[in-house]
There are 2 protein chains.
Amino acid sequence: MLDDADRKIIARLQADARTPMAELGQAAGLSASAAHDRVRRLTERGVIRGMTLRADPAAIGRGVLGFVFVALGGPAVEAAFVETLRADPAVLECHHVTGDWSYLLKVRVADIAGLEALLGRLKATGALVRSHSMIALSSPKDDGAPSPFPDMPLSDLPPEVTP
Amino acid sequence: MLDDADRKIIARLQADARTPMAELGQAAGLSASAAHDRVRRLTERGVIRGMTLRADPAAIGRGVLGFVFVALGGPAVEAAFVETLRADPAVLECHHVTGDWSYLLKVRVADIAGLEALLGRLKATGALVRSHSMIALSSPKDDGAPSPFPDMPLSDLPPEVTP
DNA sequence: ATTGAAATCTCCAGCGT
DNA sequence: ACGCTGGAGATTTCAAT
């Protein structure tokens with residue numbers, strides 16, 4: 001279980017993964033070393049999975065965002081299909097979902113031709129029976145704020161970046 | 001435009017946002033200060049949008065992942081609806097998509113009751129005409145690897161974390 | 001968890017392409 | 001513009017308590 005200090009530290013690092021340990025400690029009522037210890041232990045426990053950079057998708061050659069529903073032939077081909085997805089850098093996410101489809105994929109490609117190429121790769125596995133693609137025209141909300149804590153008091157949230 | 005050094009730096013920071021400048025420089029064939037300059041300029045240009053922590057969703061009280069399609073009443077209520085979504089921490093993403101629905105939402109909640117509560121909040125706006133929810137049973141691939149560069153040589157990729 | 005100290009890193013000059 | 005070297009100050013990280 002996470003205690004209050006853990007939550008405050010995690011909330012800070014979600015807002016800025018390079019926040020100094022001293023500042024994390026201050027937010028949690030701890031010394032810099034204690035904050036550092038918390039981060040190390042949370043990482044060991046797997047609560048913290050890593051720190052990553054958020055980049056402008058268009059600038060890194062992935063300006064088109066799409067969602068692809070797929071239906072597969074059967075359990076026999078499923079494992080191989082998932083392995084193909086895992087290895088394909090255009091596929092960001094793959095979720096086994098309830099409903100009419102086997103998987104929902106979140107994909108990022110450079111352009112529409114890239115989406116067609118990706119669908120070709122999926123078909124080439126032989127596992128794909130049917131698919132349905134949707135393109136995101138715009139994204140009013142995106143990966144900006146990664147799942148914060150439910151019901152955390154505003155006073156505990158990191159200070160807003162005021163542009 | 002990004003040059004080769006920019007791409008190598010960004011790839012490194014995607015793997016670990018706390019990589020020291022000296023190491024970034026080494027990967028890109030630059031000094032630590034030059035790497036620092038690159039990061040500063042990429043951030044100013046908006047290519048780098050920030051550094052964030054990836055946490056275990058279950059550990060932070062968001063163990064249930066869902067996707068919600070919504071159809072709205074019309075353009076008049078759309079803006080207010082989007083504002084509600086933006087303010088709701090359970091809504092991670094909101095995409096305007098092609099097809100039969102207005103928006104596709106990616107949501108994270110603690111449990112099924114949390115999903116019901118979220119749908120209640122969406123209905124309460126008065127803008128929602130119809131919705132269709134799907135729950136992710138499992139996620140063979142998730143936010144682990146954020147959109148890497150297309151066609152980057154393996155030799156330029158950051159060293160794998162070998163557990 | 002804390003303090004203190006050492007090792008490391010950031011980040012600013014100053015200067016040269 | 002873009003890079004390098006050097007160094008002061010901040011930060012991380014390891015002891016010892």
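In the text below, chain A, chain B and the rest are named by the order of the sequence lines, each starting its count at 1. The model shown is predicted, which means the values in this text are computed figures rather than measured ones.
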Item checked: Atom pair distance, as rounded to whole Å: CE in M21(B) and C1' in dA10(D) -> 14 Å
Item checked: Whole-Å gap separating C1' (dG3(D)) and CD1 (I9(B)) -> 12 Å
Using a 4.5 Å cut-off between side-chain heavy atoms of Ile, Leu, Val, Met, Phe, Trp and Tyr, which other residues end up in the same hydrophobic cluster as [X]?
{"X": "W101(A)", "answer": "L65(A), F67(A), F69(A), V97(A), L104(A), M134(A), L65(B), F67(B), F69(B), V97(B), W101(B), L104(B), M134(B)"}
{"X": "L137(A)", "answer": "none"}
{"X": "V129(B)", "answer": "none"}

Tell me every residue that passes salt bridge (Lys or Arg N to Asp or Glu O under 4.0 Å) with [X], counting only those two or more places apart in sequence or in another chain.
{"X": "E83(B)", "answer": "R86(B)"}
{"X": "R40(A)", "answer": "D37(A), E44(A)"}
{"X": "D111(B)", "answer": "none"}
{"X": "D100(B)", "answer": "none"}

Margin query: Expected output is a numbered-order residue list: members of residues 32-50 of chain B with a heavy atom under 4.0 Å from any atom of DNA chain D. What is it?
Written below: S33(B), A34(B), R38(B), R41(B)
Notebook entry, point to check: For DNA chain C, which nucleotides open and close the run of contacts to chain B, 5' to 3', at under 4.0 angstrom from a non-hydrogen atom?
Noted result: dC9(C) to dC12(C)
Notebook entry, point to check: In degrees, rounded to 10°, what is the bend between the two ends of the helix from dA1(C)-dT17(D) to dT17(C)-dA1(D), using five pairs at each?
Noted result: 30°
Next item on the list: Sort and list the pairs that fulfil side chain to side chain donor-acceptor pair (under 3.5 Å) and have at least one residue in residues 114-137 of chain B, not counting sequence neighbours.
Entry: D88(B)-R121(B)
Notebook entry, point to check: Which residue pairs satisfy the side chain to side chain donor-acceptor pair (under 3.5 Å) criterion with at least one member in residues 64-81 of chain A, sequence neighbours excluded?
Noted result: E78(A)-Y103(A)
Check: Does D142(B) pair with R54(B) as a salt bridge, N-O distance under 4.0 Å?
Finding: no
